[in-house]
Amino acid sequence: MSDFEIPLIQAHALKALADKQSVRSCTCSMGACTGWESVPGERWPAAQVSRVGSLRAFDSFGPEPTYEEFHPHKTRYDSPDAPIAPAFFPYNRCDVFTCSQCDRVLLKYTEYGGYYIDDRVRAVQADLVTDAQPEA
């Protein structure tokens with residue numbers, strides 16, 4: 001499936017997907033991932049996860065997604081209680097995965113630094129998902 005065929009998942013659909021996940025124990029190497037965690041390729045459980053959609057809009061002619069973050073309660077990027085706001089960075093660059101072992105919903109994006117490339121993962125907690133939008 002190409003990037004253009006992956007369904008775009010909106011905030012309400014992400015929340016619904018996370019709401020229906022079970023709490024089975026998992027054998028994957030992801031750990032809790034309640035906040036953003038660096039996950040090297042050998043730790044990513046590729047055999048157990050499936051990409052189910054994306055929070056990224058694949059519009060090559062539209063504006064680039066914002067780098068603005070959403071932290072109305074003074075959380076930080078890596079805070080476990082930071083809101084999950086698909087319209088804001090880094091969520092607007094994420095793909096959405098589910099684990100076949102535990103049904104968890106995982107977000108994954110690639111951070112491109114000056115001298116490194118770093119895959120980062122966060123587990124979705126339904127109560128943290130918000131449909132907040134950047135100010136125009």
Side-chain angles (χ1 to χ4, degrees):
M1 179 179 341
S2 77
D3 284 347
F4 293 101
E5 297 171 319
I6 299 168
L8 179 64
I9 296 178
Q10 303 292 340
H12 65 279
L14 180 64
K15 186 177 190 109
L17 193 60
D19 266 336
K20 70 179 188 177
Q21 66 187 349
S22 70
V23 192
R24 293 185 288 159
S25 61
C26 188
T27 59
C28 77
S29 55
M30 294 310 304
C33 289
T34 54
W36 287 108
E37 290 188 27
S38 179
V39 177
E42 63 274 2
R43 189 172 154 214
W44 179 247
Q48 292 178 207
V49 295
S50 299
R51 185 165 54 171
V52 295
S54 184
L55 303 180
R56 300 180 290 155
F58 293 100
D59 182 359
S60 59
F61 299 107
E64 182 174 353
T66 185
Y67 280 99
E68 181 182 351
E69 295 183 25
F70 183 70
H71 298 285
H73 304 293
K74 307 293 186 224
T75 54
R76 295 174 30 93
Y77 160 88
D78 58 350
S79 299
D81 59 342
I84 296 172
F88 291 87
F89 182 83
Y91 305 98
N92 58 8
R93 288 163 170 77
C94 287
D95 285 330
V96 181
F97 294 83
T98 56
C99 177
S100 63
Q101 300 299 309
C102 66
D103 295 329
R104 278 196 304 174
V105 179
L106 302 167
L107 300 175
K108 181 180 180 188
Y109 84 101
T110 302
E111 180 71 34
Y112 296 96
Y115 298 100
Y116 66 91
I117 296 175
D118 188 27
D119 288 328
R120 302 208 178 151
V121 176
R122 182 176 184 188
V124 178
Q125 298 172 47
D127 60 322
L128 295 177
V129 177
T130 176
D131 64 355
Q133 298 293 314
E135 294 181 14

Distance in Å, [X] [atom1] paired with [Y] [atom2], rounded so as to fall on 0.5 Å steps:
| X | Y | atom1 | atom2 | answer |
| --- | --- | --- | --- | --- |
| Glu64 | Asn92 | CD | CG | 9.0 Å |
| Phe70 | Thr130 | CZ | OG1 | 5.0 Å |
| Ile84 | Asp127 | CD1 | CG | 8.5 Å |
| Lys15 | Leu128 | NZ | CG | 8.5 Å |
| Asp131 | Gln133 | CG | CD | 6.5 Å |
| His71 | Asp81 | NE2 | CG | 10.0 Å |

Exercise for review: May I ask you to test the Pro134-Phe88 pair for a side-chain heavy-atom distance under 4.5 Å?
Suggested key: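 Counting from C-beta outward, Pro134 and Phe88 do come under 4.5 Å.
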Review point. Taking the side chain as C-beta and beyond, is there a heavy-atom pair between Val96 and Leu107 under 4.5 Å?
Key: yes
Please check: side-chain N/O of [X] versus main-chain N/O of [Y], any donor-acceptor pairing under 3.5 Å?
| X | Y | result |
| --- | --- | --- |
| Arg93 | Tyr67 | no |
| Arg76 | Ala82 | no |
| Ser100 | Gln48 | yes |
| Lys108 | Val121 | no |
| Arg122 | Thr34 | yes |

Check your understanding: Does the side chain of Ser38 pick up a donor-acceptor pair with the side chain of Asp118 at under 3.5 Å?
Key -> yes
To check you understand the geometry: which heavy-atom pair defines the closest contact between [X] and [Y], and what is its length?
| X | Y | answer |
| --- | --- | --- |
| Cys94 | Trp36 | SG-CH2, 3.4 Å |
| Leu17 | Val52 | CD2-CG2, 3.9 Å |
| Tyr91 | Pro83 | OH-O, 3.4 Å |
| Ala123 | Arg104 | CB-NH1, 4.1 Å |
| Pro86 | Leu14 | CG-CD2, 4.3 Å |

Practice item. Identify whether Tyr109 and Val39 are in the same connected component of the hydrophobic contact network (ILVMFWY, side-chain heavy atoms under 4.5 Å). Key: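 Unlinked, Tyr109 and Val39 end up in two clusters.
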**Study point:** same_hphob_cluster(Phe89, Val129) at 4.5 Å side-chain heavy-atom cutoff
**Key:** yes
Exercise for review: With sequence neighbours excluded, tell me which residues meet salt bridge (Lys or Arg N to Asp or Glu O under 4.0 Å) with Glu68.
Suggested key: none
Exercise for review: Would you please name every residue forming a ring pair (Phe, Tyr, Trp, His ring centres under 6.0 Å) with Tyr116, sequence neighbours left out?
Suggested key: none
